[in-house]
Every structure is written in structure tokens, then in C-alpha cells.
Amino acid sequence: MKIEGKKTLKGEIKTPGDKSISHRAVMLGSIAKGETIIKNILLSEDTLRTIECFREMGVDMVIDDKENILKINGNGIHGLKKPFKPLDCGNSGTTMRLLAGILVGQNFSSTLIGDISLSKRPMDRIIIPLTKMGANIKGYNDKYPPISIEPSNELRGIKYELPMASAQVKSAILLASIYSKGETKVIEKKITRDHTEKMLEYFGKDKFMGKEIYVPGDISSAAFFIVAATIMEGSSITIKDVGINSTRTGIIDVIKAMGGNIKIDNVRSINNEPIGDIYISYAPIKGIELDKNIIGRLIDEIPIIAVAAAFAEGTTVIKNAEELKYKETDRIQAMVNEMKKMGADIEALPDGLIIHGKKELSPAIVNTYGDHRIAMALSIASLNIKGMSKIQNSQCINISYPGFYETILGLLE
């Protein structure tokens, strides 16, 4: 993708449905009794993997891709069927980790596989707690995919303190607790997204009856446009119907702390999730040091925060974000490598980044490492640089935001 920079953004948009909520809605709808209708679902490469995994376990689903609606005829908690082949999670860590929590409670064996990138991501973080619950689950070298699961005699509740801030690990344990005896308690040192807890409550906990769900716009996708409008002079945009769950709004807090001009309006609640409209306009911003307690609320947004910092006045320091090394790529090193090509003053820390802001950067040819968030972050950086930049391997954006470039084109002036 080639991007000509130094324009402005004006207008009103909606971002795709929240990826985290879409995954969870498919999973719980599949094991609920009766019909679940999911509106504004994100139909991206990752969520389609989750849908296909449950189809292979006998769940009847109908997709209306024009209206972004998924109808599920749920099989009930114990109604899933043994798949005829390994369940392919593609590039989706959310699919693999959360699905493992459901599969350890089934009376059939199963195997979870992924692409080259996912096969390098650590799965011992779910294998360890699920094994403590009595699950019969193993990984390659006890750590990596493929993951093999055999039926367990009995799952039991546990008290488990998360060694790292991870909503995926927490969710795997909570989903396994549906099939376990006794109480399960997960202790977090840092707050992480709580969509699983909210959705378990919405579906009725032990009852799990089919529901109608509206998926709010994904704030992780909105984050790219929040930063774009903040750093591009003369810009002002409104993002409608965005999920503003307090466990996910760290990006808003950080941009406000940097001096950004952000307002939230039309706040309401839909299926236990808060939703609102976000207005953003250009503002000169300054570097800050991110509080360690906020990292769990914006781990996916750090690449685009690094872009904001590159155009801010002063220095931005990001620490306690070692989890970035274990995403689709090492996002710390990826941002350092590629932003330096654009002339940014950026350096890696063992657990984060230091960015010294500049007013102007230079166009460049940059690589995405097949990581959708790196691709979108570099694209936004290119928009604020005079001249033509090229984003190599930009098709990976389809993992979470298939219409990303079309959205940009609709806002450019």
C-alpha cells in the first residue's frame, strides 16, 4: 500500500465490531441453548476462524456478511461434537486460548493448530492453570502449539493469580470453570479487559440461553483514527458507537494526558457493554511517561501510541509492556526498526519503548512483519509525513480491520 501524507481528516465513521467481543459472542452463543443473533459482528480473518472451529464441532451458523449479522443455533454446554480434523486457529491467539478453555470440558479429544506465527506464541500460560484444574492438555515442548486435549475425569475450580496481565489467560480459566466443580477465582495484579465476565453474566451464567447481542465498535480499531485526528493538523472526526468499556479506554486516557482533544457523548449500555460516540480534533501533544497500571488497558494500542509520541513534543516512556514481545510479532522491536526508517528517535527497552518526539518525519518503505496493528500504526504515521511512503505486506490488516484503507479514503481532504 502506498500512502501520500500531509492531508487532513474530516467526517464521521464507524469502526468494525469489537474483535474481542465478537470472539466471545460466537463461543458463548455456540454453547448456549437456542438461537443467538449477533449484530455488527466483526467478520475478519481471526473471527472467521472461531466461527469455522465451532462449525466443525457441529454448531449451525448462518452469516449475513452484508449486514454483519451472525445467527447461531446453539448446541448447549455439552452439545459440541468431536471435530473430524484439527481445529485451525490461523493467526488468532484469542481463538486458540479461549477455545482451549471450552475444549478441556468436553468428552472428546481435540487438537488446536495455528499458522507459523501463532505456532511460536507461548501457550504454557494457559496449559499450566488448566492443568491445575485437572485438564488433560499438552503442547509442543509443553509450551507451543499444536495443543492436544483429551477428556478429563473431572475439572475442579481453582484460585489462580495471573503471572502476567492477560485477558486471554483469564478467559480460558473462566470458560473452563463452566465445566468444573467448585469455585474458581482469578486474581489480577493489573486490570485487563473484562468482556468474558460481562458476557457470562449476560448469557445467564449457569443457564446459557441464546441471546441477541450488538457488538460495539472496536476501540482498538478506533485508536488508529483517534491518533490520526490528533496529530494531523486541521483534522476533526467523530467515531460512532464505540465500545468504551473502562478496561479498554486506556488509549483515551493517554491521548488526553498528552494534551489531545477528545470528547465522549451519547453514552449508553448495550448487552452489559458501555458504548458511546467519540469526537477528536487536532491538538499539539506532549510526551508523557505511561503509568504501569494502565498498560493492561491498552496493550494492543501501544504501537499507535508510539506513533503519537513520535510527533509529540518531548519524550514518551513506555515500560512494563513486555507482553508486546509475544504478540503476532515482537511489537517493541518491530516499531523501533520501522519507525527509525522514517527518522523517528525511538529506542527499545527490555519491556517497552522510549520515544523522543519530532515535528517532522520522512517517507519510507516499511515492513509490517505480518502484524495487523504494526501495519495500521505505520499507515497512520505515513499519513502525517510529507511525501509517499510504502507499507509492505499491508494485507495482514484483514485480520482485524478489512476496510481500514477505505475508511481512511472516506475521511481524507
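Index from 1, following the sequence. Model, not experiment: these values are computed from the prediction.
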Pair up each side-chain donor or acceptor in residues 275-284 with any protein partner under 3.5 Å, not counting sequence neighbours, and list the distances.
residue : atom : partner : partner atom : Å
Asp277  : OD1  : Asp241  : N            : 2.9
Asp277  : OD2  : Lys240  : NZ           : 3.1
Asp277  : OD2  : Asn266  : ND2          : 3.3
Ser281  : OG   : Asn261  : ND2          : 2.6

Sequence neighbours excluded, the answer for ring pair (Phe, Tyr, Trp, His ring centres under 6.0 Å) partners of Phe203 is none
Here the gap from Leu130 atom CG to Ile127 atom CD1, rounded to the nearest 0.5 Å, amounts to 8.5 Å
* Report yes or no: does Gln106 contribute a side-chain atom to a donor-acceptor pair with the main-chain N or O of Ile102 at less than 3.5 Å? => yes
Under the criterion side chain to side chain contact (heavy atoms under 4.5 Å, CB included), I'd like the reasoning laid out for Leu87 against Met96: C-alpha separation, chi angles, the key distance, then a yes or no. CA-CA 9 Å; Leu87 297 170; Met96 181 169 284; over 6 Å; no
Would you indicate whether Ile354, at its atom CD1, is surrounded by more than 12 heavy atoms from other residues, nucleotides or ligands within a distance under 6.0 Å? yes
Exercise for the section: Using a cut-off of 6.0 Å, state whether more than 12 heavy atoms not belonging to Lys190 lie near its atom NZ. Expected result: yes
Pairs under 3.5 angstrom only: tabulate donor-acceptor contacts from the side chains of residues 373-383 to other protein residues two or more places apart or in another chain.
residue : atom : partner : partner atom : Å
Ser379  : OG   : Ala375  : O            : 2.8
Ser379  : OG   : Tyr405  : OH           : 2.8
Ser382  : OG   : Leu378  : O            : 2.9

With side chain to side chain donor-acceptor pair (under 3.5 Å) as the criterion, how do Asp115 and Ser117 come out once you've worked through the C-alpha distance, each side chain's angles and the decisive distance to 0.1 Å? CA-CA 6 Å; Asp115 66 8; Ser117 172; 4.6 Å; no
Practice problem: Count the heavy atoms of every other residue, nucleotide or ligand shown that sit under 6.0 Å from NZ of Lys2, and state whether that count exceeds 12. | Solution: no
For residues 56-69, the salt bridge (charged side-chain N to carboxylate O under 4.0 Å, His left out) pairs (sequence neighbours left out) are Glu56-Lys85
Between Ile295 and the options Leu324, Leu290, Ile191, the side chain to side chain contact (heavy atoms under 4.5 Å, CB included) test singles out Leu290
Check: Ser44 side chain, Ile399 main-chain N or O, donor-acceptor pair, under 3.5 Å | yes
Query - Ile51 side chain reached by Met61 side chain, heavy atoms, under 4.5 Å - result: yes
Contacts of Phe54 meeting ring pair (Phe, Tyr, Trp, His ring centres under 6.0 Å) (sequence neighbours excluded), chain-then-number -> none
- Would you say the side chain of Met133 lies within less than 4.5 Å of the side chain of Thr184, judging by non-hydrogen atoms? yes
Hits for side-chain hydrogen bond (donor to acceptor under 3.5 Å, both in side chains) against Ser30, two or more places apart or cross-chain, chain-then-number order -> none
Discussion item. Quick check on Lys14: does its NZ atom have over 12 non-hydrogen neighbours (other residues, nucleotides or ligands) under 6.0 Å away?
Written reply: no
(message) For a 4.5 angstrom cut-off between non-hydrogen side-chain atoms, does Ile237 reach Leu411?
(response) yes
What donor-acceptor contacts under 3.5 angstrom involve side-chain atoms of residues 355-364, with partners at least two apart or in another chain?
residue : atom : partner : partner atom : Å
His356  : ND1  : Thr315  : OG1          : 2.8
Lys358  : NZ   : Gly343  : O            : 2.7

With a 4.5 Å heavy-atom cut-off, do Ser166 and Thr192 have their side chains touching? no
Worked verdict on Ile41 versus Ile69 for side chain to side chain contact (heavy atoms under 4.5 Å, CB included): CA-CA 6 Å; Ile41 186 171; Ile69 294 174; 5.9 Å; no
- Query: Do Asp88 and Arg49 come within less than 4.5 Å of each other through their side chains, counting heavy atoms only?
  - Reply: yes
All heavy atoms of Ile126 vs all of Ala172, minimum pair found to be CG2-CB, 3.9 Å
| said: A cation-pi test, strictly: NZ or CZ of Lys211 under 6.0 Å from the centre of the six-membered ring of Tyr202 and no more than 45 degrees from its axis. Yes or no? | reply: yes
**Request:** Tell me, with the steps shown, if Thr94 and Gln168 meet side chain to side chain donor-acceptor pair (under 3.5 Å).
**Result:** CA-CA 6 Å; Thr94 302; Gln168 292 180 1; 3.0 Å; yes
Q.
Take a 6.0 Å sphere around NZ of Lys319 and say whether it holds more than 12 heavy atoms from other residues, nucleotides or ligands.
A. no
Show every donor-acceptor pair shorter than 3.5 Å between a side-chain atom in residues 228-236 and any protein atom, with sequence neighbours excluded, or say none if there are none.
residue : atom : partner : partner atom : Å
Thr230  : OG1  : Ile226  : O            : 2.7
Ser235  : OG   : Leu9    : N            : 2.9
Ser235  : OG   : Met232  : O            : 2.9
Ser236  : OG   : Lys10   : NZ           : 3.4

Q) So do Met335 and Asn337 actually touch side chain to side chain, heavy atoms under 4.5 Å? A) no
- Task: List the steps, then state whether side chain to side chain contact (heavy atoms under 4.5 Å, CB included) holds for Ile63 with Leu48.
- Result: CA-CA 10 Å; Ile63 296 175; Leu48 288 171; 4.1 Å; yes
**Prompt:** Any side-chain heavy atom of Ile302 sitting closer than 4.5 Å to one from Ile318?
**Reply:** yes
| message | I'd like to know if the side chain of Thr368 and the backbone of Gly370 have a donor-acceptor N/O pair within less than 3.5 Å. | response | yes
#### Entry: Presence of salt bridge, Glu328 and Arg331, under 4.0 angstrom
yes
Q. Is the CD atom of Glu313 crowded by more than 12 outside heavy atoms at less than 6.0 Å?
A. no
Residue pairs meeting side-chain hydrogen bond (donor to acceptor under 3.5 Å, both in side chains), one or both in residues 15-25, sequence neighbours left out, come to Asp18-Arg248, Lys19-Asp46, Ser20-Arg193, His23-Thr50, Arg24-Ser171, Arg24-Thr196
- Message: Looking at Ile116, I'd like to know if its CD1 atom is crowded, meaning that more than 12 non-hydrogen atoms belonging to other residues, nucleotides or ligands lie closer than 6.0 Å.
- Response: no
Does a side-chain heavy-atom distance below 4.5 Å link Leu70 with Leu43? no
Less than 3.5 Å apart, which donor and acceptor atoms pair up between the side chains of residues 74-81 and the rest of the protein, not counting sequence neighbours?
residue : atom : partner : partner atom : Å
Asn75   : ND2  : Gly58   : O            : 3.3
Asn75   : ND2  : Gly79   : O            : 3.1

- Message: Using side chain to side chain contact (heavy atoms under 4.5 Å, CB included), reason through Ile213 and Ile37 one step at a time and then give a plain yes or no.
- Response: CA-CA 6 Å; Ile213 296 173; Ile37 299 174; over 6 Å; no
task = Determine, stepwise, if the pair Arg125 / Glu323 fulfils salt bridge (charged side-chain N to carboxylate O under 4.0 Å, His left out).
result = CA-CA 12 Å; Arg125 54 184 58 183; Glu323 180 67 13; 2.7 Å; yes
So ring pair (Phe, Tyr, Trp, His ring centres under 6.0 Å) across residues 219-276, not counting sequence neighbours, yields Phe225-Phe404
Applying ring pair (Phe, Tyr, Trp, His ring centres under 6.0 Å) to Tyr214 and not counting sequence neighbours gives none
*Is any NZ, NE, NH1 or NH2 atom of the basic residue among Lys198 and Glu273 found under 4.0 Å from an Asp or Glu carboxylate oxygen of the other?*
no
*Lys82 atom NZ, over 12 foreign heavy atoms within 6.0 Å*: yes
Rounded to the nearest 0.5 angstrom, the CG-CG distance for Leu118 and Asn91 is 6.5 Å
- Ignoring hydrogens and angles, tell me if any N or O in the side chain of Ser92 forms a donor-acceptor pair with the backbone of Thr95 under 3.5 Å. yes
